[in-house]
Amino acid sequence: MSVKSAGADSRPSRWRAGVGRLVAGTALLTAVALLPWLSGTDPALTVLRARSADADPSPAQLAAVREQLDLDEGPFAHLVQWLGGLPRGDAGTSWVSGEPVLPEVTTAFAVSLTLMLGALVVTIAVAALVCARTLHLGSRRRLRQGRAGTGAAVLAALPKFLLASLLATVCGVWLGWFPSSGWAGPMSMVLPALALGVPSGAVIGGLLDQSLPAAFQEPWARTWHAYGFSPRHIARHALRRTLAGVLPQLLPSVVALVGGAVAVEKIFNIPGLGRLALDAAIAQDLPPLQTATLVLVLLGVVAGLLIQALRRVLLGPALRDGALPALHPPALAGRRSTRWVAGFCAAALLTLVVAGLLRDPLQVDTAARLLPPSAAHPLGTDSLGRDLLARLGHGALRTAGVAFAVTAVGVVLGLLIGMATQVGAGLTEVVSTLPAVLAGLLTTAVTGPSVWGAAGAVCVVAWTPYAAQTAALLEQERASGHLLASLSFGAGPRYLLRHHYLPAVLPSVLRNALLRLPTTVLVLASLGFLGLGEQPPTPEWGRLLSENQPYVELAPWTVLGPAFALVLLSVLAVAVSSGSASRAGRSRRRTGRHGGHDVRHEKDVRLEKVEAYSPA
């Protein structure tokens, strides 16, 4: 088997990926069409209440709505009728307003796409700041210590809706720099783009910062430095080498903002597509909901194809020919400060939890509403006079337990689907743009509102970033020379999985999961806030943030406690994983192993130095 044929055989079949896109899109549109009938409530009643807010309509009114909308024909007749009108440019009329759907969806999509592009600019800027130090030191061969990534973890843990509220209050209302509400021009895009782009940029930058040291240890980088190439030139090519593995994260992190930025759109009163889809789903207004879902599916497919094409351009012919060198992370010395950071976060969290468990989280005192922190209430009280420290402590185990469980399920599903590259690519593109709120509405329509129903809804969409990352890393691993050498020696699937695929994929995916842990908590909170998840008065960190978000300007301490605890949890998880990675690297260095593979002979290294005058 030649290198070139092996590299070509490793690429996913285009038609199978197309089948995956078609099947996933059809299943999603069918599920959306079934929503009014799955919910267990009369669609006529929901639509009539959305029209007139009549709490107790008469049977005659319900019958008239049923006849007008032909609800007795069932969901599939409506789906076929809606699909039949699309080739003519007719997406139907709204069941609630009676207006044509297509112009409304087109306008909302244009707004969300503009906001997404602004968030993409912020994401790139923040990611560049996060990995700037590693680029500077690595390009000069002065990278000696690994980074814990605590700065990226802090930014990634910032709740987007809380950041949006703070920006709207400080920069919009107090300082008057930018509009705090509405969509009236480019200036209206600045604050929401910052709220959406800063956490996403921290995730992308953290993953990139983790991958760069391995690129600077490749033979071409050492050779170029010895020949006197400029650090800027080396940094640019190292960034190109590692960006291909991180680029697929833009799909679930940034492109999904078109439909998933519901909370930010509501805070800034932006008429975006996510807000339109949510309002239509709550009102069970099927035509605009189906049209918005179709637009999101098409956006995900187009963005996925563009990202895949850009990755192939970045990696060049080496990906096609199966001559791509593998990225082996170097065994950098860990920082002593990482252990101190982990210890501080663990001690602070333990103190908050233990102190909170000694208090009553459900005691209501209307005379003590929104009190600032004091000796009696160290974190203050909420709008009902309940002690925030008590609610924080009692909600810790439930918050962390559900978030870790959802993250673990998402990682496992992402690994499995990402390894099935022939079909998983299309499935990932379709599901990645599905708003978690819409998935929550579909899931709880069957299971009912509960914490585990919300967890299941998040699991439906949480696997997409891990699947995209797994597929990208596997494609690069299958195009590497050492994998082809193992195949030529008769290595079987089990050996390849254990010695090649998992060592190449698992560390990066786990790091990604820990960076996204706060996002999982906040998505669960948003579903609970809409009545689809954890029900009040159960204390839970995300719910504390959602419930107290309206009081940010009046009583900021109501959200600072839960936000601080969320940041501590994220930093602790990342610091512990960084310390484990450093110990594993030192262990590999002592035992003569490197990245799960045998250290190559010095002659092979010299040969690579001669041949590798340019990166793949």
Side-chain angles (χ1 to χ4, degrees), residues 7-8 10-14 17-18 20-21 113 116-128 130-131 135 197 200-201 203-212 214-215 218 233 235-258 296-327 414 418 421-422 424-433 464-480 504-505 508-509 512 614-616:
S10 67
R11 293 180 297 176
S13 176
R14 292 183 179 181
R21 297 183 185 100
L113 186 62
M116 183 203 75
L117 295 177
L120 179 60
V121 172
V122 177
T123 298
I124 294 174
V126 173
V130 169
C131 62
L135 275 173
S200 299
V203 173
I204 301 297
L207 296 174
L208 197 59
D209 189 65
Q210 179 195 12
S211 304
L212 280 170
E218 284 191 319
H233 190 72
R236 183 170 66 250
H237 284 276
L239 189 62
R240 175 182 177 181
R241 177 67 178 91
T242 55
L243 189 60
V246 180
L247 197 60
Q249 296 301 302
L250 290 177
L251 186 63
S253 296
V254 179
V255 177
L257 295 178
V258 173
L296 291 174
V297 169
L298 295 177
L299 175 66
V301 171
V302 172
L305 293 175
L306 290 176
I307 290 174
Q308 185 178 7
L310 183 57
R311 285 188 65 250
R312 294 185 181 278
V313 171
L314 290 174
L315 292 175
L319 181 64
R320 181 189 66 241
D321 298 337
L324 191 68
L327 287 176
T421 52
Q422 293 183 342
L427 183 62
T428 303
E429 292 167 1
V430 171
V431 180
S432 61
T433 53
T464 55
Y466 315 125
Q469 187 178 22
T470 299
L473 294 176
L474 278 181
E475 186 180 24
Q476 296 178 204
E477 183 70 12
R478 285 168 177 157
S480 61
V505 170
S508 298
V509 172
N512 191 4
S614 62

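Quick caveat, the model's predicted, so the values are computed rather than measured. Note that these values count all heavy atoms, side chains included, but never hydrogens, waters or copies made by symmetry.
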For Q469, give me all partners under side-chain hydrogen bond (donor to acceptor under 3.5 Å, both in side chains), at least two apart in sequence or on another chain.
N512
Mark yes or no for whether S432, through its side chain, and E429, through its backbone, hold a donor-acceptor pair below 3.5 Å.
yes
Step-by-step side-chain contact (heavy atoms from CB on, under 4.5 Å) determination, I204 to S253:
CA-CA 8 Å; I204 301 297; S253 296; 4.1 Å; yes
Would you say the side chains of H233 and R236 form a donor-acceptor pair under 3.5 Å?
yes
So how far is it from L310 CG to L243 CG, rounded to the nearest 0.5 Å?
7.0 Å
If you take all heavy atoms of L251 and A303, which pair is closest and at what distance?
CD1-CB, 3.7 Å
Mind checking the SG-CG spacing from C131 to L212? Nearest 0.5 Å is all I need.
5.5 Å
Specify the closest pair of heavy atoms between V301 and R21, including all atoms of both residues, with the distance to one decimal.
CG1-CD, 3.6 Å
For S200 and T123, work out which heavy atoms get closest and say how close.
CB-OG1, 3.8 Å
Quick check for you: to the nearest 0.5 Å, what is the distance between L250 atom CG and L257 atom CG?
10.5 Å
Tell me the closest heavy-atom pair linking A472 and A244, and the distance in Å.
CB-O, 4.3 Å
Using 0.5 Å steps for rounding, measure from the CG atom of L314 to the CZ atom of R240.
6.0 Å
Do you know which two heavy atoms are closest between A215 and R241, and how far apart they sit?
CB-CG, 4.3 Å
Among all residues two or more places apart in sequence or in another chain, which pass the side-chain contact (heavy atoms from CB on, under 4.5 Å) test with L299?
F109, V255, V258
Only one of V203, L135, L239, V130 passes side chain to side chain contact (heavy atoms under 4.5 Å, CB included) with L208; say which it is.
L239
Taking only residues two or more places apart in sequence, or in another chain, which ones meet A468 in a side-chain contact (heavy atoms from CB on, under 4.5 Å)?
P248, Q249, T428
Just wondering, do E477 and V505 contact through their side chains at under 4.5 Å, heavy atoms?
no
Ignoring hydrogens, what is the shortest heavy-atom contact between S211 and T242? Give both atom names and the distance.
O-CG2, 3.5 Å
